Structure formats: C-alpha cells, structure tokens
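Residue numbering restarts at 1 for every chain, and letters A, B, ... go by the order of the sequence lines. Owing to the predicted nature of the structure, the values given are computational and were not obtained by experimental measurement.
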Amino acid sequence: MSAAGAEPAAGAEPAALGGAAPLLTVRVDRKVYAKRGGKGGTEAVEAVSGLAFDLQAGEITCLIGPSGAGKTTTLRILLGLDRDFEGAVTPEPSRAGMAMVFQDPRLLPWRSIEQNVRLGLPRAERARDLDDLFTSLGLAPWRAHYPGALSLGMQRRVALARALALEPRILVLDEPFVSLDDAAAASLRALVVEAVARSGTSVLMVTHNVAEAIEIADRLLLVSPRPARLLASLPLDRPRPERDRAWADETRRSLAVRFPGIVAQ
Amino acid sequence: MALLARLFSLAVLLALWQGVSVYADTRTLPAPSAVLAFILREAQSGSLFFNVGVTLGRVAVSFVIAMSLGVLLGIALGRSRLADRLLDTPLLVVLNTPALVITVLAYVWLGLTETAAIVAVALNKLPNVAVIMREGARGLDPGLEEMAKTYRFDRRTWIAHVLLPQLQPFMVAAARSGISLAWKIVLVVELLGRPNGVGFAINYYFTLFDVTAVIGYSLVFMSVMLAIDALLLQPLDAHVRRWR
C-alpha cells in the first residue's frame, strides 16, 4: 500500500527467495466439537476431518464448500481463535501477518469509521497517515461517521480498510460478498483484487459462491460437506483480466461434472 | 413541548394542594405558601444549606463507593462463572436484607459514626449496581471479542473501546436507579444515627409535629436530586447513546 510503503509490514521477515516457501501452512487433521445435549450428555460433532493447504505469496485462494461444512471453523483455527484441534498451523497465527475481514463486519458501533480503522493498528502506528487508504476504498467522506450510518456494503469496506491498514501478508475474508446486491458485491470484489494487485498481499477467501471464486481466484480449494475434508486443490491459470463469461461457464461446468455434490450445474 | 407539559402538571398539582389545604387542618397539611415561607426562613438561617450539603456529601461518597465496587463486582460476576456461583447467594442475601436492618447492624458494629452511615448506604445500593452490571457483562458481544483478539487489541484498547462502551448503558442505568435509592436510604440512616443532615432535620421536625418543615425539607432535597438527574445523569445517558 502506498500509505506507508516505506514501513515494513509488522513482523516482516526475509522471505525465502523464489516464493517457494508458503506464507502459511494449515493442517487440520481433526476438529471435534463437544455439543451439549439434553440432561448434561455431550455429543461429539466432527467439524473437520483432514483439511490441509498452504497459502503462497501474492495468490488469491478461495476455499469453497457447502454452507455449514466447517469453513468458518477452519478460519477460526488458522486465525488462532480456536486452538483445540488436532493438527498444526505454521507459522504461529499471531506471527503470520494475517488480517481478517469478518462476514458480519464486526465494527465498533460506538466509534467512528476512522477510529475503527485506526484501532486495528498497533498503538504506535495509530496516528499514521491513512488518507490514501480511505480514498482508495471510497470511504473518505465517511471517516467521521459512525458505522450505523453506513450500508452493509460500506461497512464491509470499512472492515476491509481496517484489515488493509495493517498491511498484512495474508488477507483473510469470510464470505465477504454475501448478502450484498450485485453492484455492491462487484465493487467490493474489484477493491479486493485491486488492493491485492497493488500490495502483493496473499488472500484467503472463504465462500460458497462458486461463480465469484472462479472470477477472482488463482486457486480453488474444494471442501466436502461436514466433516470438512479437502477434495481438491485446483489452480486457475488464466490471468484475471482475460476471464470472460464463456471461460467462467466452461470452468464451472467442468467442475460440476467432477464434483457434483459441491458445484451445482 | 415536553417541558411545557411538565410545568403544566406541576402547576395543577400545586393548585390542587393549595385548594385542599384551605379546607384541611393547616397543621397536618400546610399550604404551599407556608412551606415556601419555611424554606426561605430556613435558607436565611443557613441550616437548610448546611443540612442539604451534609446529606448530599453522604450521598456522593456512598454513591461513588457503591458504584465503583458494584461495577467491578458485576463485571467479575458476569465474566466468571466461578465468581458468579460463589457470590450469587451472598449477593441475594444482601439484596433482600431490608435497608433498615443493614443500617441498624452498621451502627451496632461500627458505632454511631460517619463511616457506619456511609457503609450502610453503600451496602444497600451495591447489590443493585452489581446485578445490573452482571447483566451487562454477560451480554458482551462474542463477535467483537473475536475481532479484538484477531486484531490483537492491547488490554487498554480493549477496556476503553470494546468493554466499557458495551457496559456504559448499564452503568448509566445503575447510576440513575442507584442515586434515587441512595438518597432515600441516606435519610433513614441519618434519622437513625446522625446529628445532622436532611434525615436528621426531618426527624427533628417530626418530633415537633411540624409538618410544614418536614414537607419543606423533603421538597428541597427532592428538587436537588431531580436536578442532579436532569442536569447530570440524563445528559450523560444521551452522550453514551450518541452513536445509535
């Protein structure tokens, strides 16, 4: 990002040359929830069973699976919010340089847009110049407003701004375009792609919208219904600007044939 | 408009009072004018300001003590299941002990002292504050907790921008209900064991069967407390809710 390009991202380490070393490696062998049943009995619900992938620098990775498959559980694990699982996340989530955009934007309703973005930064960096960031996301006129004054689409932009302000190495998005109208979703999608192109941030996006994923992903990770298991890791080689309607339809059709349970015709 | 309606209802009340007092025994129901005359007399002699000041001081000190301890206790109860289990019963016991009993016991155990009076008022109010704050602390948004964790909010940031804003409406509610509770109890406490204050004055004039003075003192003190609510607590409430 241009706002403070001179500053290294928090905790930046010299990356292995050649980009071979992944930014993040996630391996969840098993994740079981103890669901409380009636009369004090507990019932074990297996949410994830064998889900491993890594994230490469500058790549947009889309994690696709049916609703309720355990995608959000996987996100919580890789963010370090849930440590009760079998497997490993390397490096340590707090040192991986991740920033998260939650599905419900999770802004502080009692703080202004500007404060919401600044509070996401470490104390020493809060006073930084963020003009370019606000302008690039179209939020400049709203800086002094409270989140309640904004539409969901605009609130997601604020959440995106808060994440991008951290200049993360990995941007994690949980269903970022769900329940937005087409125009709002398209503009937010463009903003994500643009931000990535500008800063070289790697993106992990969780979605159940296959068309959306085909439009922007460099790689698709297909996940089975609960318990979540990795079915396939599919690179999409065509450069994003060259992806037209025909190509997208064709890709989707071939996926639907190979993974009928996950990708609808 | 709202103010006008309030003033109108007040005027009707006064007129009604004046009307009834004409027919009633002036010793048991003095006219508003007589009460006003008493208030002016008492103000000129200085004892009105002294007594109201002393009582206000007690309300303020016990209010601050009860609020700060009650808020901390309530947060602990709402955040920790163990604390809640351990302290719920004692809390219920204090909550259901009559104000009079707490007051009498405070005087017996601590003597007829200023400390005992303040402890009695604070102890009467504290459980209410704690119960209200417990509700607030139980209702913290888990989504914001996760957000604060992923963005690694430091403790100070978390308290100032995540915890307190969520608790503020409860604090204001506790303060508003608490201050009216405190001033009602403080009068009883003064009546039972203090040589000054509004409660003492009311008791003194009660023994003389001077109803004019009793009504005069209670009116003045009530007005002071209403003014505190209107000029201090309500604006605070509005300030806390400004983002809505």
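- B/V162 touches chain A through backbone and side chain together, each having a heavy atom under 4.5 Å away.
- Counting only heavy atoms from C-beta outward, the side chains of B/L219 and B/I215 approach each other to under 4.5 Å.
- Of the two parts of A/S94, the backbone and the side chain both hold a non-hydrogen atom closer than 4.5 Å to a non-hydrogen atom of chain B.
- A/T72 is not listed as a side-chain neighbour of A/E175, based on a closest heavy-atom distance of 4.5 Å or more.
- For the residue pair B/E145/B/W158, the side-chain donor-acceptor check at 3.5 Å is satisfied.
- Considering CG of A/L164 and CZ of A/F134, their distance stands at 11.0 Å, rounded to 0.5 Å.
- At a 4.5 Å heavy-atom cutoff, the contact between A/L107 and chain B is made by backbone atoms alone.
- The CG atom of B/L167 sits 5.0 Å away from atom CD1 of B/I75, with the distance rounded to the nearest 0.5 Å.
- Taking 4.5 Å as the heavy-atom cut-off, the residues of residues 149-156 of chain B that approach chain A are B/K149, B/T150, B/Y151, B/R152, B/F153, B/D154, B/R156, ordered by number.
- Side-chain atoms of B/E146 never come within 3.5 Å of backbone atoms of B/P142 as a donor-acceptor pair (strictly under, hydrogens ignored).
- Here the OH atom belonging to B/Y217 is positioned 9.0 Å from the OG1 atom belonging to B/T55, to the nearest 0.5 angstrom.
- For the options A/H145, A/M100, A/R123, heavy-atom pairs under 4.5 Å to chain B are most numerous at A/R123.
- Using a 4.5 Å cut-off on side-chain heavy atoms (C-beta onward), A/P122 and A/L166 make contact.
- Only the side chain of A/R111 has a heavy atom closer than 4.5 Å to any heavy atom of chain B.
- B/V61 is not listed as a side-chain neighbour of B/V121, based on a closest heavy-atom distance of 4.5 Å or more.
- B/R85 CZ: 12 or fewer foreign heavy atoms inside a 6.0 Å radius.
- Side-chain contact between A/V196 and A/I216: absent, with no pair of heavy atoms (C-beta onward) separated by less than 4.5 Å.
- Residues of residues 154-163 of chain A having a heavy atom under 4.5 Å from any heavy atom of chain B, listed by number: A/A159, A/R162, A/A163.
- For chain B, the option among A/A99, A/G80, A/P109 with the highest count of heavy-atom pairs below 4.5 Å is A/P109.
- Residues A/R226 and A/E46 have side chains not in contact (no heavy-atom distance under 4.5 Å, counting atoms from C-beta outward).
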